[in-house]
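Presented below is the structure to which this report refers.
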Amino acid sequence: MKIFFLRYDIVSDGNRLTAILSFIGRFVVYLCFNSTHMHKEVIDFDEDIKVIDESKQGDILFYDSNQPGFKKFYIESYGCQMNFSDSEIVASILAEEGYVPTKNMEDASLILVNTCSIREKAEETVRNRLVVYNKAKQDRPGTLIGVLGCMAERLKSKLMDEEKLVDLVVGPDAYRDIPGLLSRAEEGERSINVLLSREETYADISPLRLDSNGIVAFISIMRGCDNMCSFCVVPFTRGRERSRDWHSIVAEADDLFQRGFRDITLLGQNVDSYHWTCPETGNVVDFAQLLEKVALVNPLLRIRFSTSHPKDITDEVLYTMNKYHNICKYIHLPVQSGSNRILQLMNRTYTREWYMERIDTIYRIMPDCAVSSDIIAGFCTESDDDHRDTLEIMKYANFNMSYMFFYSERPGTLAARKFQDDIPLPLKKDRLAEIVELQRQISIKHNQSDIGKVFEVLIEGDSKKSSDYFKGRNSQNKMVVFPKSEVYCPGAYVNIRITNATGATLLGEIIQ
Ligand code: 5AD
Ligand code: SF4
């Protein structure tokens with residue numbers, strides 16, 4: 001009997017029920033009959049394919065740096081990919097100051113944590129980490145501790161009052177000020193800068209690519225968000241939306257390609273509203289045009305993007321995706337809810353009919369496109385009928401995967417001010433469990449329908465579970481694992497015939 005481990009996509013938010021489901025999901029679910037090679041067969045080939053990768057939460061970003069005489073910094077990152085990307089900007093700013101990154105907290109004279117405020121659990125995690133940093137500080141007096149990102153922005157000086165060990169607090173638009181803040185902190189002063197900017201895009205800073213496999217990289221194309229979804233804290237922590245000069249984006253993509261990178265993701269809270277106006281001519285470049293410019297850097301450079309907003313994704317974007325082979329056929333298009341009443345309370349500014357039309361158009365223009373989503377269970381006043389609408393739209397859209405959450409009220413947001421968080425936690429969790437289970441079934445079906453197909457896969461490196469296998473993604477962002485061949489190495493494109501599938505990973509073999 002062959003046993004494949006199956007893992008479906010879930011963001012558990014640390015609650016017990018979903019954690020248990022996730023646990024079950026990770027282990028034996030899928031049995032197929034064959035052979036006795038238990039050892040070989042129990043390798044779990046599932047690889048993470050998430051844009052917002054929960055398993056990476058708290059990852060330490062580093063490259064090996066044992067140069068003597070340098071000051072060392074240690075940085076952990078939480079939250080979305082944008083935060084991980086920001087940490088690379090911070091690393092670049094610190095490098096200019098003679099700091100080198102280390103993966104050992106004990107070696108660092110500066111400990112930084114890049115934080116997320118999107119759900120209560122994310123903030124709790126950071127608070128727990130601060131206790132650990134405090135221990136390091138006690139062991140090595142003089143060590144400085146800095147809190148960066150959304151939590152710094154949300155709590156401002158209150159964070160310093162509540163967490164006495166924190167030496168500097170820096171909001172997402174104030175990273176250029178870190179050297180000055182460090183000097184002040186070294187003098188024992190309270191060091192805080194949480195000013196938000198309408199212009200800052202860090203366009204001229206070349207991020208220090210930390211913890212990189214040399215193939216995959218992220219490029220921030222814009223910052224902030226103007227959408228004001230009622231549940232979301234991001235517009236308050238990351239400020240107004242602003243787009244980065246396209247010349248610097250294309251230059252960064254070109255530089256990455258020259259250095260061997262082959263897969264880049266253009267990042268923004270709402271990439272479809274990218275909008276850059278040339279100060280001299282007044283000419284505007286929109287997202288479809290930007291995509292085309294980046295796609296033209298080189299046909300061997302794969303382009304991805306995240307996140308799209310259903311109200312803003314245009315047909316031009318879809319036609320541009322279809323026109324260029326190297327623009328990946330994958331769209332992360334959060335639906336949040338399938339109920340019109342809830343969508344309105346969420347201030348998402350589209351209806352379920354609008355969303356379904358966008359889905360129809362995506363599949364009409366690109367039948368092979370994969371779509372993923374974010375879904376919130378148990379938003380204020382959500383009824384059983386509203387919940388059922390969400391399950392229905394998940395089936396309609398046939399999401400290949402989803403990030404699923406239960407609603408977590410965030411202070412200061414529109415929803416916190418206007419609505420009561422009135423769905424009891426056990427009910428939120430029950431609904432989330434139902435959503436997770438449905439997504440699991442849809443994902444399995446999605447992946448099983450790929451069996452027998454041939455995909456072009458970009459090799460990213462060794463499979464996590466076995467160095468006899470490579471892993472890589474197809475255009476649809478699905479992770480594919482296959483036996484190695486000596487002819488190919490990471491960075492190469494190979495054609496893979498899919499022979500088997502789990503919930504999150506495809507298994508296959510190279511075809512010549
Ligand atoms: N509670 C639960 N989920 C949230 N998200 C954003 N704010 C909240 C909240 N208050 C989810 C949304 C968003 C994703 C990044 O996080 O689904 O798309
Ligand atoms: Fe938050 Fe909505 Fe902006 Fe996304 S689009 S960051 S959910 S306000």
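Counting starts at 1 for both ligands and their atoms, in listed order.
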| Is NZ or CZ of Arg176 both nearer than 6.0 Å to the six-membered ring centre of Tyr202 and within 45° of the ring axis? | no
| What do we get for Pro235 next to ligand 2 when only non-hydrogen atoms under 4.0 Å count, side chain, backbone, both or neither? | side chain
| Between Arg119 and ligand 1, is there a nitrogen or oxygen pair with a distance under 3.5 Å? | yes
| field | Tyr403 and ligand 1 - part of the residue with a heavy-atom distance under 4.0 Å | value | neither
| said: Tell me whether Ser191 contacts the main-chain N or O of Leu168 through its side chain, where contact means a donor paired with an acceptor under 3.5 Å. | reply: no
| field | Nearest neighbour in protein (non-hydrogen) for atom 4 (Fe) of ligand 2 | value | Gln269 O, 4.4 Å
| note | Note: heavy atom closest to atom 6 (S) of ligand 2, options Val234, Asp374, Val233, Asn270, belongs to Val234
| Centroid-to-centroid, His332 to Tyr403, below 6.0 Å? | yes
| task | Taking Tyr175 for its side chain and Ala91 for its backbone only, find out whether a donor-acceptor pair lies under 3.5 Å. | result | no
| Sidechain-backbone polar pair: Asn340 side chain, Thr351 backbone, donor-acceptor under 3.5 Å | no
| message | Counting only heavy atoms closer than 4.0 Å, does ligand 1 sit against the backbone of Phe231, its side chain, both, or neither? | response | both
| query | Donor-acceptor pair, Ser339 side chain versus Asp386 backbone, under 3.5 Å? | reply | no
| ligand 2-proximal atoms of Cys225, by part, heavy-atom distance under 4.0 Å | side chain
| query | Would Cys232 count as a contact for atom 2 (Fe) of ligand 2, in the sense that one of its N, O or S atoms lies under 2.8 Å from it? | reply | no
| request: Please report which non-hydrogen protein atom sits nearest to atom 5 (S) of ligand 2, along with the residue it belongs to and the distance in Å to one decimal place. | output: Asn227 ND2, 3.4 Å
| said: Could you check whether any heavy atom of Arg348 sits closer than 4.0 Å to an atom of ligand 2, since that is the contact criterion I want to use? | reply: yes
| query | What part of Ile376, side chain from CB on, backbone N/CA/C/O, both or neither, has a heavy atom under 4.0 Å from ligand 1? | reply | side chain
| query | Is it the case that Lys478 and Asn447 place a side-chain donor and acceptor less than 3.5 Å from each other? | reply | yes
| query | Any donor-acceptor pair under 3.5 Å linking the side chain of Ser372 with the backbone of Phe399? | reply | no
| said: Students should be able to answer this: which protein heavy-atom is nearest to atom 8 (S) of ligand 2, and at what distance? | reply: Cys229 N, 3.5 Å
| request: Between Glu409, Gln336, Arg410, flag the one that comes closest to atom 17 (O) of ligand 1 by a heavy atom. | output: Gln336
| said: For atom 15 (C) of ligand 1, which of the options Asp421, Asp374, Ile375 provides the nearest non-hydrogen atom? | reply: Asp374
| said: A cation-pi test, strictly: NZ or CZ of Lys311 under 6.0 Å from the centre of the six-membered ring of Trp354 and no more than 45 degrees from its axis. Yes or no? | reply: no
